[in-house]
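Down below is the structure, laid out as C-alpha coordinates.
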Amino acid sequence: EFWDRGQIAERHGDALELWPSGRPAEAEGLWIANAPPGTTTDDTRWKRVLIDHLVESKGDHALGASAENAHGLAWARRVCELDMLAHTAGNDAVATRVGGFDDVALVRDWLAEWARVADAYSSDDVERYSRALGRFYGGDLACAGMMYAPVLGALYPGDPASAYAHAFELSIFDLGYARDIAACTAAMTAAAMAPGATVEDVVGVLDAVDPEGFSGSRLIGRVARSLLDQAREVVGVATQQKGETAQVESIYARFDRLARHNGFHAGEVHLVNLTALLWSDGDFERAMRLVVRYGRDNDSAAAVTGAVLGALRGAAGLPSRWVEPVEAQSRSMGMSLDALGDSLCRLSCG
(Lines give C-alpha, C1' and ligand atoms only; values in the text may rest on other atoms or scores of the structure.)
Protein backbone atom coordinates (compact mmCIF):
# COMPACT_ATOMS: atom_id res chain seq x y z
CA GLU A 1 0.00 0.00 0.00
CA PHE A 2 1.25 3.44 -1.05
CA TRP A 3 4.47 2.10 -2.51
CA ASP A 4 5.56 3.64 -5.77
CA ARG A 5 5.15 1.10 -8.54
CA GLY A 6 8.89 1.31 -9.16
CA GLN A 7 9.46 0.04 -5.62
CA ILE A 8 7.02 -2.80 -6.22
CA ALA A 9 8.69 -3.77 -9.49
CA GLU A 10 12.16 -3.63 -7.93
CA ARG A 11 11.13 -5.82 -5.01
CA HIS A 12 8.82 -8.29 -6.76
CA GLY A 13 9.18 -7.88 -10.51
CA ASP A 14 6.15 -8.93 -12.52
CA ALA A 15 5.14 -11.65 -10.08
CA LEU A 16 1.88 -11.39 -8.18
CA GLU A 17 1.91 -13.64 -5.17
CA LEU A 18 1.35 -13.20 -1.45
CA TRP A 19 4.53 -11.75 0.04
CA PRO A 20 5.47 -10.68 3.58
CA SER A 21 4.63 -7.00 4.02
CA GLY A 22 8.04 -5.73 5.13
CA ARG A 23 6.31 -2.73 6.73
CA PRO A 24 5.98 -1.36 10.27
CA ALA A 25 2.66 -1.61 12.10
CA GLU A 26 0.34 1.33 11.48
CA ALA A 27 -3.25 2.27 12.19
CA GLU A 28 -4.48 2.73 8.60
CA GLY A 29 -2.88 -0.42 7.22
CA LEU A 30 -1.30 -3.41 8.88
CA TRP A 31 -1.32 -3.93 12.63
CA ILE A 32 1.61 -6.33 12.44
CA ALA A 33 5.16 -5.23 11.68
CA ASN A 34 6.64 -7.30 8.86
CA ALA A 35 3.36 -9.16 8.52
CA PRO A 36 3.24 -12.68 7.08
CA PRO A 37 1.61 -13.36 3.70
CA GLY A 38 -2.17 -13.12 3.74
CA THR A 39 -2.47 -10.41 6.40
CA THR A 40 -5.47 -8.16 5.82
CA THR A 41 -5.68 -4.37 6.15
CA ASP A 42 -8.19 -1.80 7.36
CA ASP A 43 -10.43 -2.51 4.35
CA THR A 44 -11.23 -5.96 5.73
CA ARG A 45 -11.61 -4.64 9.28
CA TRP A 46 -14.27 -2.16 8.16
CA LYS A 47 -16.20 -4.91 6.40
CA ARG A 48 -16.07 -6.88 9.63
CA VAL A 49 -17.36 -3.91 11.63
CA LEU A 50 -20.30 -3.45 9.27
CA ILE A 51 -21.19 -7.16 9.22
CA ASP A 52 -21.11 -7.20 13.03
CA HIS A 53 -23.42 -4.17 13.05
CA LEU A 54 -25.86 -5.82 10.66
CA VAL A 55 -25.83 -9.06 12.65
CA GLU A 56 -26.44 -7.20 15.90
CA SER A 57 -29.37 -5.37 14.30
CA LYS A 58 -30.74 -8.83 13.43
CA GLY A 59 -30.82 -8.04 9.75
CA ASP A 60 -33.32 -5.24 10.24
CA HIS A 61 -32.02 -3.13 7.39
CA ALA A 62 -35.36 -2.16 5.90
CA LEU A 63 -35.31 1.37 4.54
CA GLY A 64 -37.85 4.04 5.27
CA ALA A 65 -38.04 7.42 6.93
CA SER A 66 -37.88 6.26 10.56
CA ALA A 67 -35.96 3.04 9.97
CA GLU A 68 -33.34 4.85 7.91
CA ASN A 69 -32.57 7.34 10.65
CA ALA A 70 -32.48 4.70 13.38
CA HIS A 71 -30.26 2.44 11.31
CA GLY A 72 -27.84 5.24 10.49
CA LEU A 73 -27.68 6.34 14.12
CA ALA A 74 -27.04 2.78 15.27
CA TRP A 75 -24.22 2.44 12.74
CA ALA A 76 -22.67 5.70 13.93
CA ARG A 77 -22.92 4.69 17.56
CA ARG A 78 -21.27 1.37 16.83
CA VAL A 79 -18.28 3.18 15.34
CA CYS A 80 -18.12 5.49 18.36
CA GLU A 81 -18.21 2.65 20.84
CA LEU A 82 -16.09 0.19 18.91
CA ASP A 83 -13.28 -1.47 20.85
CA MET A 84 -11.37 -3.84 18.65
CA LEU A 85 -9.48 -5.16 21.67
CA ALA A 86 -12.68 -6.92 22.66
CA HIS A 87 -12.35 -8.99 19.48
CA THR A 88 -8.72 -9.85 20.13
CA ALA A 89 -8.66 -10.33 23.91
CA GLY A 90 -6.89 -13.52 24.81
CA ASN A 91 -5.54 -13.98 21.32
CA ASP A 92 -1.91 -15.01 21.70
CA ALA A 93 -0.99 -13.80 18.22
CA VAL A 94 -2.14 -10.31 19.12
CA ALA A 95 -0.63 -10.35 22.58
CA THR A 96 2.80 -11.26 21.29
CA ARG A 97 2.94 -8.93 18.30
CA VAL A 98 2.48 -5.69 20.24
CA GLY A 99 2.25 -4.62 23.84
CA GLY A 100 -1.07 -3.65 25.39
CA PHE A 101 -0.42 0.10 25.22
CA ASP A 102 0.71 -0.07 21.60
CA ASP A 103 -2.36 -2.07 20.66
CA VAL A 104 -4.63 0.50 22.27
CA ALA A 105 -2.80 3.31 20.47
CA LEU A 106 -3.22 1.64 17.08
CA VAL A 107 -6.94 1.12 17.65
CA ARG A 108 -7.36 4.69 18.87
CA ASP A 109 -5.53 6.14 15.89
CA TRP A 110 -7.49 3.95 13.47
CA LEU A 111 -10.83 5.11 14.86
CA ALA A 112 -10.06 8.74 15.67
CA GLU A 113 -11.05 10.26 12.30
CA TRP A 114 -14.13 8.08 12.03
CA ALA A 115 -15.33 8.44 15.62
CA ARG A 116 -15.25 12.24 15.41
CA VAL A 117 -17.74 12.15 12.54
CA ALA A 118 -19.82 9.31 13.96
CA ASP A 119 -20.14 10.92 17.39
CA ALA A 120 -21.53 14.13 15.91
CA TYR A 121 -23.90 12.19 13.66
CA SER A 122 -25.19 9.99 16.49
CA SER A 123 -25.67 13.08 18.67
CA ASP A 124 -27.88 14.57 15.96
CA ASP A 125 -25.71 17.68 16.01
CA VAL A 126 -25.98 18.90 12.43
CA GLU A 127 -23.43 21.70 12.72
CA ARG A 128 -20.83 19.54 14.50
CA TYR A 129 -21.39 16.69 12.03
CA SER A 130 -20.93 19.06 9.09
CA ARG A 131 -17.70 20.41 10.54
CA ALA A 132 -16.36 16.97 11.44
CA LEU A 133 -17.18 15.56 8.02
CA GLY A 134 -15.61 18.57 6.37
CA ARG A 135 -12.24 17.83 7.99
CA PHE A 136 -12.45 14.01 7.72
CA TYR A 137 -9.01 12.94 6.46
CA GLY A 138 -8.16 16.54 5.70
CA GLY A 139 -11.47 17.33 4.05
CA ASP A 140 -10.69 15.35 0.89
CA LEU A 141 -13.04 12.98 -0.90
CA ALA A 142 -11.57 9.83 0.62
CA CYS A 143 -12.69 6.35 -0.37
CA ALA A 144 -14.17 5.74 3.08
CA GLY A 145 -17.49 4.16 2.17
CA MET A 146 -15.97 2.10 -0.62
CA MET A 147 -14.17 -0.03 1.97
CA TYR A 148 -17.37 -1.43 3.45
CA ALA A 149 -19.86 -0.87 0.59
CA PRO A 150 -19.42 -4.34 -1.01
CA VAL A 151 -20.92 -5.86 2.16
CA LEU A 152 -24.14 -4.01 1.44
CA GLY A 153 -24.05 -5.10 -2.19
CA ALA A 154 -23.90 -8.72 -1.06
CA LEU A 155 -27.09 -8.20 0.94
CA TYR A 156 -29.03 -7.52 -2.27
CA PRO A 157 -27.90 -10.04 -4.91
CA GLY A 158 -29.24 -8.94 -8.28
CA ASP A 159 -30.87 -5.81 -6.80
CA PRO A 160 -28.44 -2.93 -7.34
CA ALA A 161 -31.06 -0.24 -6.66
CA SER A 162 -31.66 -1.48 -3.11
CA ALA A 163 -27.94 -1.94 -2.55
CA TYR A 164 -27.32 1.64 -3.66
CA ALA A 165 -30.01 3.01 -1.33
CA HIS A 166 -28.68 1.13 1.69
CA ALA A 167 -25.06 2.07 1.02
CA PHE A 168 -25.91 5.73 0.44
CA GLU A 169 -27.73 5.74 3.76
CA LEU A 170 -24.76 4.37 5.71
CA SER A 171 -22.04 6.33 3.91
CA ILE A 172 -22.06 9.00 6.59
CA PHE A 173 -18.28 9.46 6.27
CA ASP A 174 -18.33 10.51 2.61
CA LEU A 175 -18.41 13.94 1.05
CA GLY A 176 -20.05 14.85 -2.25
CA TYR A 177 -19.56 12.47 -5.14
CA ALA A 178 -17.50 10.15 -2.92
CA ARG A 179 -20.80 9.14 -1.33
CA ASP A 180 -22.29 8.40 -4.75
CA ILE A 181 -19.22 6.35 -5.65
CA ALA A 182 -19.49 4.35 -2.41
CA ALA A 183 -23.14 3.58 -3.13
CA CYS A 184 -22.28 2.70 -6.74
CA THR A 185 -19.69 0.23 -5.42
CA ALA A 186 -22.42 -1.55 -3.48
CA ALA A 187 -24.74 -1.49 -6.49
CA MET A 188 -22.03 -2.91 -8.77
CA THR A 189 -21.40 -5.73 -6.30
CA ALA A 190 -25.12 -6.52 -6.21
CA ALA A 191 -25.33 -6.47 -10.00
CA ALA A 192 -22.37 -8.85 -10.22
CA MET A 193 -24.29 -11.43 -8.20
CA ALA A 194 -27.13 -11.73 -10.71
CA PRO A 195 -27.08 -15.06 -12.61
CA GLY A 196 -25.25 -14.70 -15.90
CA ALA A 197 -24.02 -11.18 -15.14
CA THR A 198 -21.20 -9.74 -17.23
CA VAL A 199 -18.70 -6.95 -16.65
CA GLU A 200 -20.83 -4.69 -18.85
CA ASP A 201 -23.85 -5.46 -16.66
CA VAL A 202 -21.81 -4.44 -13.64
CA VAL A 203 -20.57 -1.10 -14.98
CA GLY A 204 -24.00 -0.49 -16.53
CA VAL A 205 -25.22 0.26 -13.01
CA LEU A 206 -23.64 3.70 -13.37
CA ASP A 207 -26.29 4.52 -15.99
CA ALA A 208 -29.19 2.51 -14.59
CA VAL A 209 -29.11 3.48 -10.90
CA ASP A 210 -29.07 7.12 -9.83
CA PRO A 211 -31.83 7.73 -7.28
CA GLU A 212 -30.09 10.82 -5.86
CA GLY A 213 -30.00 12.51 -9.28
CA PHE A 214 -26.25 13.08 -9.53
CA SER A 215 -26.45 12.88 -13.33
CA GLY A 216 -28.66 15.96 -13.31
CA SER A 217 -26.15 18.11 -11.45
CA ARG A 218 -25.42 21.39 -13.23
CA LEU A 219 -22.01 21.91 -14.82
CA ILE A 220 -20.30 18.89 -13.26
CA GLY A 221 -22.79 16.08 -13.79
CA ARG A 222 -22.19 12.65 -12.31
CA VAL A 223 -18.49 12.13 -11.61
CA ALA A 224 -18.95 8.39 -11.01
CA ARG A 225 -20.30 8.04 -14.55
CA SER A 226 -17.75 10.33 -16.23
CA LEU A 227 -15.00 8.18 -14.72
CA LEU A 228 -16.45 5.22 -16.62
CA ASP A 229 -15.92 7.16 -19.85
CA GLN A 230 -12.33 7.81 -18.80
CA ALA A 231 -11.83 4.12 -18.00
CA ARG A 232 -13.14 3.11 -21.43
CA GLU A 233 -10.78 5.58 -23.06
CA VAL A 234 -7.80 4.30 -21.05
CA VAL A 235 -8.59 0.69 -21.96
CA GLY A 236 -9.26 1.56 -25.60
CA VAL A 237 -5.85 3.17 -26.03
CA ALA A 238 -4.10 0.40 -24.08
CA THR A 239 -5.56 -2.45 -26.12
CA GLN A 240 -4.06 -0.97 -29.27
CA GLN A 241 -0.67 -1.90 -27.84
CA LYS A 242 0.84 -5.32 -28.50
CA GLY A 243 1.34 -7.52 -25.47
CA GLU A 244 0.17 -7.26 -21.89
CA THR A 245 3.28 -5.44 -20.64
CA ALA A 246 2.84 -2.61 -23.16
CA GLN A 247 -0.86 -2.38 -22.36
CA VAL A 248 -0.20 -2.16 -18.63
CA GLU A 249 2.40 0.56 -19.09
CA SER A 250 -0.06 2.50 -21.24
CA ILE A 251 -2.70 2.26 -18.53
CA TYR A 252 -0.25 3.30 -15.81
CA ALA A 253 0.92 6.29 -17.83
CA ARG A 254 -2.67 7.48 -18.13
CA PHE A 255 -3.30 6.85 -14.43
CA ASP A 256 -0.25 8.96 -13.62
CA ARG A 257 -1.63 11.89 -15.61
CA LEU A 258 -4.96 11.60 -13.81
CA ALA A 259 -3.54 10.89 -10.35
CA ARG A 260 -4.80 12.91 -7.40
CA HIS A 261 -2.70 14.54 -4.73
CA ASN A 262 -4.37 12.20 -2.25
CA GLY A 263 -3.79 8.59 -3.25
CA PHE A 264 -6.89 7.32 -1.47
CA HIS A 265 -9.22 9.68 -3.31
CA ALA A 266 -12.56 8.01 -4.10
CA GLY A 267 -12.46 9.12 -7.73
CA GLU A 268 -9.03 7.65 -8.31
CA VAL A 269 -9.87 4.31 -6.70
CA HIS A 270 -13.11 4.20 -8.71
CA LEU A 271 -11.22 4.85 -11.96
CA VAL A 272 -8.65 2.15 -11.19
CA ASN A 273 -11.46 -0.27 -10.33
CA LEU A 274 -13.44 0.39 -13.51
CA THR A 275 -10.34 0.18 -15.69
CA ALA A 276 -9.32 -3.14 -14.13
CA LEU A 277 -12.79 -4.61 -14.62
CA LEU A 278 -12.95 -3.59 -18.28
CA TRP A 279 -9.34 -4.39 -19.22
CA SER A 280 -9.36 -7.82 -17.55
CA ASP A 281 -12.84 -8.68 -18.87
CA GLY A 282 -13.54 -10.12 -15.45
CA ASP A 283 -10.37 -12.20 -15.08
CA PHE A 284 -9.57 -12.06 -11.36
CA GLU A 285 -5.81 -12.57 -11.48
CA ARG A 286 -5.32 -10.23 -14.43
CA ALA A 287 -7.29 -7.49 -12.69
CA MET A 288 -5.41 -7.97 -9.41
CA ARG A 289 -2.08 -7.80 -11.21
CA LEU A 290 -3.02 -4.47 -12.77
CA VAL A 291 -4.36 -2.93 -9.57
CA VAL A 292 -1.78 -4.13 -7.07
CA ARG A 293 1.29 -3.39 -9.13
CA TYR A 294 0.19 0.19 -9.75
CA GLY A 295 0.74 1.05 -6.08
CA ARG A 296 -0.79 4.11 -4.39
CA ASP A 297 -3.89 2.98 -2.43
CA ASN A 298 -3.68 -0.46 -3.96
CA ASP A 299 -5.15 -2.35 -1.00
CA SER A 300 -8.41 -0.38 -1.21
CA ALA A 301 -8.52 -0.53 -5.01
CA ALA A 302 -7.81 -4.26 -4.98
CA ALA A 303 -10.37 -4.83 -2.23
CA VAL A 304 -13.07 -3.11 -4.29
CA THR A 305 -12.15 -4.79 -7.58
CA GLY A 306 -11.74 -8.12 -5.83
CA ALA A 307 -15.14 -7.83 -4.18
CA VAL A 308 -16.89 -7.11 -7.47
CA LEU A 309 -15.09 -9.90 -9.31
CA GLY A 310 -15.60 -12.28 -6.39
CA ALA A 311 -19.32 -11.56 -6.61
CA LEU A 312 -19.21 -12.00 -10.39
CA ARG A 313 -17.16 -15.22 -10.53
CA GLY A 314 -17.99 -16.82 -7.19
CA ALA A 315 -15.66 -18.54 -4.75
CA ALA A 316 -14.59 -21.05 -7.39
CA GLY A 317 -13.18 -18.19 -9.45
CA LEU A 318 -10.65 -17.19 -6.78
CA PRO A 319 -7.15 -18.72 -6.76
CA SER A 320 -6.87 -21.22 -3.89
CA ARG A 321 -3.18 -20.38 -3.48
CA TRP A 322 -4.28 -16.91 -2.34
CA VAL A 323 -7.49 -17.81 -0.52
CA GLU A 324 -5.99 -20.35 1.86
CA PRO A 325 -3.19 -18.17 3.31
CA VAL A 326 -5.55 -15.21 3.73
CA GLU A 327 -8.08 -17.34 5.60
CA ALA A 328 -5.38 -18.89 7.78
CA GLN A 329 -3.77 -15.57 8.66
CA SER A 330 -7.16 -14.00 9.43
CA ARG A 331 -7.93 -16.84 11.83
CA SER A 332 -4.61 -16.27 13.58
CA MET A 333 -5.71 -12.66 14.14
CA GLY A 334 -9.03 -13.75 15.67
CA MET A 335 -11.20 -13.21 12.59
CA SER A 336 -12.93 -15.95 10.60
CA LEU A 337 -13.71 -14.83 7.06
CA ASP A 338 -15.81 -17.97 6.57
CA ALA A 339 -17.94 -17.09 9.59
CA LEU A 340 -18.37 -13.50 8.39
CA GLY A 341 -19.42 -14.77 4.96
CA ASP A 342 -21.90 -17.17 6.51
CA SER A 343 -23.39 -14.40 8.64
CA LEU A 344 -23.78 -12.16 5.62
CA CYS A 345 -25.36 -14.98 3.61
CA ARG A 346 -27.92 -15.65 6.34
CA LEU A 347 -28.87 -11.98 6.39
CA SER A 348 -29.18 -11.91 2.61
CA CYS A 349 -31.34 -15.03 2.56
CA GLY A 350 -33.35 -14.09 5.63
Side-chain angles (χ1 to χ4, degrees), residues 47 63 143 145-169 171 177 179-216 221-239 247 251 266-267 269-291 300-319 341 344-345 347-349:
K47 292 178 181 68
L63 296 175
C143 55
M146 295 178 78
M147 291 196 285
Y148 53 80
V151 168
L152 299 168
L155 277 182
Y156 300 96
D159 185 2
S162 295
Y164 182 101
H166 197 174
F168 196 87
E169 169 204 346
S171 293
Y177 62 78
R179 190 168 189 173
D180 181 40
I181 288 174
C184 284
T185 300
M188 290 166 64
T189 307
M193 298 181 75
T198 66
V199 169
E200 285 297 332
D201 293 329
V202 171
V203 300
V205 163
L206 300 175
D207 285 314
V209 180
D210 184 18
E212 299 297 322
F214 278 88
S215 59
R222 191 180 198 185
V223 173
R225 177 60 182 79
S226 65
L227 287 167
L228 175 59
D229 290 335
Q230 287 189 15
R232 291 194 189 280
E233 178 188 355
V234 171
V235 172
V237 171
T239 52
Q247 291 184 17
I251 291 172
V269 174
H270 187 53
L271 174 62
V272 172
N273 172 41
L274 294 172
T275 302
L277 293 174
L278 294 170
W279 178 75
S280 70
D281 193 28
D283 182 280
F284 188 86
E285 290 197 40
R286 198 168 186 237
M288 290 299 101
R289 187 160 57 248
L290 180 72
V291 171
S300 294
V304 171
T305 303
V308 173
L309 290 181
L312 186 67
R313 302 304 182 202
L318 305 179
L344 193 58
C345 186
L347 288 174
S348 176
C349 298

(request) Just do the side-chain contact (heavy atoms from CB on, under 4.5 Å) check on Met288 and Leu318 with the steps written out, would you? (result) CA-CA 11 Å; Met288 290 299 101; Leu318 305 179; over 6 Å; no

Is there side-chain contact between [X] and [Y], with at least one heavy-atom pair below 4.5 Å?
X      : Y      : result
Arg286 : Trp279 : yes
Leu274 : His270 : yes
Arg313 : Phe284 : no

Taking all non-hydrogen atoms of both residues into account, name the closest pair between [X] and [Y] and its distance.
X      : Y      : value
Ala167 : Ala186 : CB-CB, 3.5 Å
Ala301 : Val291 : CB-CG1, 3.5 Å
Thr189 : Gly153 : CB-CA, 4.1 Å
Val209 : Ala161 : CG1-CA, 4.0 Å
Val205 : Pro160 : CG2-CB, 4.0 Å
Ser348 : Ala154 : OG-O, 3.5 Å

(request) Give every residue pair that meets the salt bridge (charged side-chain N to carboxylate O under 4.0 Å, His left out) criterion with at least one member in residues 184-197, sequence neighbours excluded. (result)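 The answer is none; no pair qualifies.
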
(request) Output every pair passing salt bridge (charged side-chain N to carboxylate O under 4.0 Å, His left out) with a member in residues 187-196, not counting sequence neighbours, ordered by first then second residue. (result)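 Listed by first then second residue: nothing to list.
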
Just verifying a value: how many Å separate [X] [atom1] and [Y] [atom2], rounded to the nearest 0.5 Å?
X      : Y      : atom1 : atom2 : value
Leu206 : Ile181 : CG    : CD1   : 9.0 Å
Glu233 : Leu278 : CD    : CG    : 12.5 Å
Asp281 : Thr198 : CG    : OG1   : 8.5 Å
Cys184 : Arg179 : SG    : CZ    : 13.0 Å
Arg289 : Asp283 : CZ    : CG    : 7.5 Å

Distance-only donor-acceptor pairs under 3.5 Å for side chains of residues 223-230, two or more places apart:
{"residue": "Arg225", "atom": "NE", "partner": "Asp207", "partner atom": "OD1", "Å": "2.6"}
{"residue": "Arg225", "atom": "NE", "partner": "Asp207", "partner atom": "OD2", "Å": "3.2"}
{"residue": "Arg225", "atom": "NH1", "partner": "Asp229", "partner atom": "OD1", "Å": "2.7"}
{"residue": "Arg225", "atom": "NH1", "partner": "Asp229", "partner atom": "OD2", "Å": "3.4"}
{"residue": "Ser226", "atom": "OG", "partner": "Val223", "partner atom": "O", "Å": "2.9"}

(request) Using the test side-chain hydrogen bond (donor to acceptor under 3.5 Å, both in side chains), find all partners of Thr305 that sit at least two apart in sequence or belong to another chain. (result)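 Applying side-chain hydrogen bond (donor to acceptor under 3.5 Å, both in side chains) to Thr305 gives Asn273.
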
(request) Output all residues satisfying salt bridge (charged side-chain N to carboxylate O under 4.0 Å, His left out) with Arg232, sequence neighbours left out; order by chain, then residue number. (result)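 Result, salt bridge (charged side-chain N to carboxylate O under 4.0 Å, His left out) vs Arg232: Glu200.
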
(message) Which residues pass the salt bridge (charged side-chain N to carboxylate O under 4.0 Å, His left out) test with Arg222, not counting sequence neighbours?
(response)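 By the salt bridge (charged side-chain N to carboxylate O under 4.0 Å, His left out) rule, Arg222 matches Asp180, Asp210.
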
